[in-house]
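Data block below; observations after.
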Protein chains: 2
Amino acid sequence: MANQLSRLDQVFAALADPTRRAIVMRLCAGEASVGELADPFDMALPSFMKHIHVLETSGLVLSEKSGRVRTCRLSPDALVGAEDWFQQQRAIWEARLDRFEAYVMKLKKERAAAKRPSRTTRKKGAE
Amino acid sequence: MANQLSRLDQVFAALADPTRRAIVMRLCAGEASVGELADPFDMALPSFMKHIHVLETSGLVLSEKSGRVRTCRLSPDALVGAEDWFQQQRAIWEARLDRFEAYVMKLKKERAAAKRPSRTTRKKGAE
DNA sequence: CCTATAGTTAGCTTCATGGCTAACCAATTG
DNA sequence: CAATTGGTTAGCCATGAAGCTAACTATAGG
């Protein structure tokens, strides 16, 4: 009975660590071996490998071993999946802003109507 | 001597939890009180409040208390900041793909030239 | 064949996270 | 004023994450 973490959970958790974000950024520029990836970091290899593993199980990174060197590359799918999430939220958010703006416009119109009682039918109860 | 977590760290960590993502999604649709937010979740209030707090310190959510009710709303800035990160990575990734494609095109051209040795100046060393 | 290289496994610490209960304010409301 | 409602504080516990060292495996190179 596994915990069944959702893919998004794993992707965001993976990206919450600066080391792992740096790895992803590095891999955006092209594939690399574990050693090359680890080089800039002041960290023991086993610790570093854990980060690689987290990235792999999140689906952000793929790797395969040939001979004694493991080569890693980015799998853009997971990255795009996460980006989509933001865009969906933004769409909802902006739809709401639009509705809000429309509401403000309606208020303005009503206030203008209240200020200038002549000419148009007077609304009752308007302050 | 604080750990000085970066803003991105905190935002991604906040979004790595399904409860917190649900809260953010809910808040995209408009502000709400803590009680309203907590209602759909089968969780003790103090536990839920921790999630709210995480969202607040990540900068994703703002809240203020009036009377005895605390109202929460989304602060889109942090969300946009995270989205930007994806877009930057994608830009690098796509630039690389373009370069790769250009490289393939060049290969194709060279191979075609090798296959048809007449007509144009023959390049030396082409396989 | 021997040695150095590139990863890997195992096992240990430490600290953060996510959940709980119980008790505690502080505004509303009857 | 008394009781309810809405949130908060304090403190506990279990789990998982992030780091380390030490020892091991398996290729590549001399």
Side-chain angles (χ1 to χ4, degrees), chain A residues 1-24 26-27 30-73, chain B residues 1-24 26-27 30-73:
Chain A
M1 304 313 171
N3 208 346
Q4 188 69 350
L5 259 338
S6 98
R7 177 52 51 106
L8 263 189
D9 286 24
Q10 297 185 70
V11 169
F12 282 131
L15 294 177
D17 183 284
T19 301
R20 290 194 290 260
R21 277 203 308 282
I23 295 174
V24 168
R26 169 59 240 275
L27 288 180
E31 56 182 38
S33 73
V34 169
E36 286 167 359
L37 289 173
D39 192 52
F41 298 96
D42 185 19
M43 188 183 294
L45 242 230
S47 317
F48 187 80
M49 284 295 294
K50 279 196 188 173
H51 288 297
I52 298 281
H53 191 245
V54 169
L55 287 169
E56 266 192 283
T57 60
S58 79
L60 282 165
V61 164
L62 302 174
S63 79
E64 60 192 319
K65 196 165 178 176
S66 120
R68 65 182 167 178
V69 41
R70 173 173 299 277
T71 304
C72 304
R73 62 195 171 80
Chain B
M1 302 312 175
N3 207 345
Q4 189 69 351
L5 260 336
S6 97
R7 179 50 54 104
L8 262 191
D9 286 25
Q10 297 186 69
V11 169
F12 281 131
L15 294 178
D17 183 284
T19 301
R20 290 194 290 260
R21 277 202 310 281
I23 296 173
V24 168
R26 168 59 240 277
L27 289 180
E31 56 182 38
S33 73
V34 170
E36 284 167 359
L37 288 173
D39 192 52
F41 298 96
D42 186 18
M43 187 181 296
L45 243 230
S47 315
F48 187 80
M49 284 295 295
K50 278 195 189 173
H51 288 297
I52 298 281
H53 191 246
V54 169
L55 287 168
E56 266 193 284
T57 59
S58 78
L60 282 165
V61 163
L62 303 174
S63 79
E64 59 192 319
K65 195 163 180 177
S66 120
R68 66 183 166 178
V69 41
R70 173 172 299 277
T71 303
C72 304
R73 62 197 171 80

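As the structure is a computational prediction, the values presented were derived from the model and not from experiment. Lettering of chains follows the sequences in order, A, B, ..., and the numbering in each one begins at 1.
Atom OG1 of B/Thr71 is separated from atom CG of B/Leu62 by 12.0 Å, given to the nearest 0.5 angstrom. For the atom pair A/Leu55 CG and A/Lys50 NZ, the distance stands at 14.0 Å (nearest 0.5 Å). Rounding to the nearest 0.5 angstrom, the gap separating the CG atom in A/Asp17 from the CD1 atom in A/Ile23 is 8.0 Å. In this structure, CZ in B/Arg20 is found 11.0 Å from CZ in B/Phe48, a value given to the nearest 0.5 Å. In this structure, the separation between CG on B/Leu60 and CD1 on B/Ile52 is 11.5 Å, given to the nearest 0.5 Å.
Taking the side-chain hydrogen bond (donor to acceptor under 3.5 Å, both in side chains) definition, one finds that B/Ser63 meets it with B/Glu56, B/Arg70, sequence neighbours left out. Qualifying side-chain contact (heavy atoms from CB on, under 4.5 Å) partners for A/Ala22, counting only residues two or more places apart in sequence or in other chains: A/Phe41.
For DNA chain D, the residues of residues 12-20 of chain A within the heavy-atom distance limit of 4.0 Å (strictly under) are A/Asp17, A/Arg20, sorted by number. DNA chain D is contacted by B/Leu45, B/Pro46, B/Met49 of residues 43-52 of chain B, taking any non-hydrogen atom closer than 4.0 Å. Of the residues in residues 56-72 of chain B, B/Gly67, B/Arg68 come within less than 4.0 Å of DNA chain C through at least one heavy atom, sorted by number. Taken residue by residue, residues 32-40 of chain B places no heavy atom nearer than 4.0 Å to DNA chain C.
The minimum heavy-atom distance linking B/Thr19 with B/His51 is given by the pair CG2-CD2, 4.0 Å. Listed here is the closest heavy atom pair of B/Arg26 and B/Ala32: NH1-CB, 3.4 Å. Closest approach of B/Val11 to B/Ser58, counting heavy atoms only: CG2-O, 3.6 Å.
The side-chain heavy atoms of B/Arg21 and A/Asp9, taken from C-beta on, include a pair separated by under 4.5 Å.
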Query - Candidate pair B/Cys72 and B/Leu27, rule side chain to side chain contact (heavy atoms under 4.5 Å, CB included), full reasoning - result: CA-CA 8 Å; B/Cys72 304; B/Leu27 289 180; 4.2 Å; yes

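Rounded to whole Å, the distance from NE2 on A/His53 to P on D/dG19 is 16 Å. Atom CG in B/Leu55 sits about 13 Å away from atom P in C/dT17, given to the nearest Å. We find that CG of A/Asp9 is positioned 16 Å from P of C/dT17, with the value rounded to whole Å.
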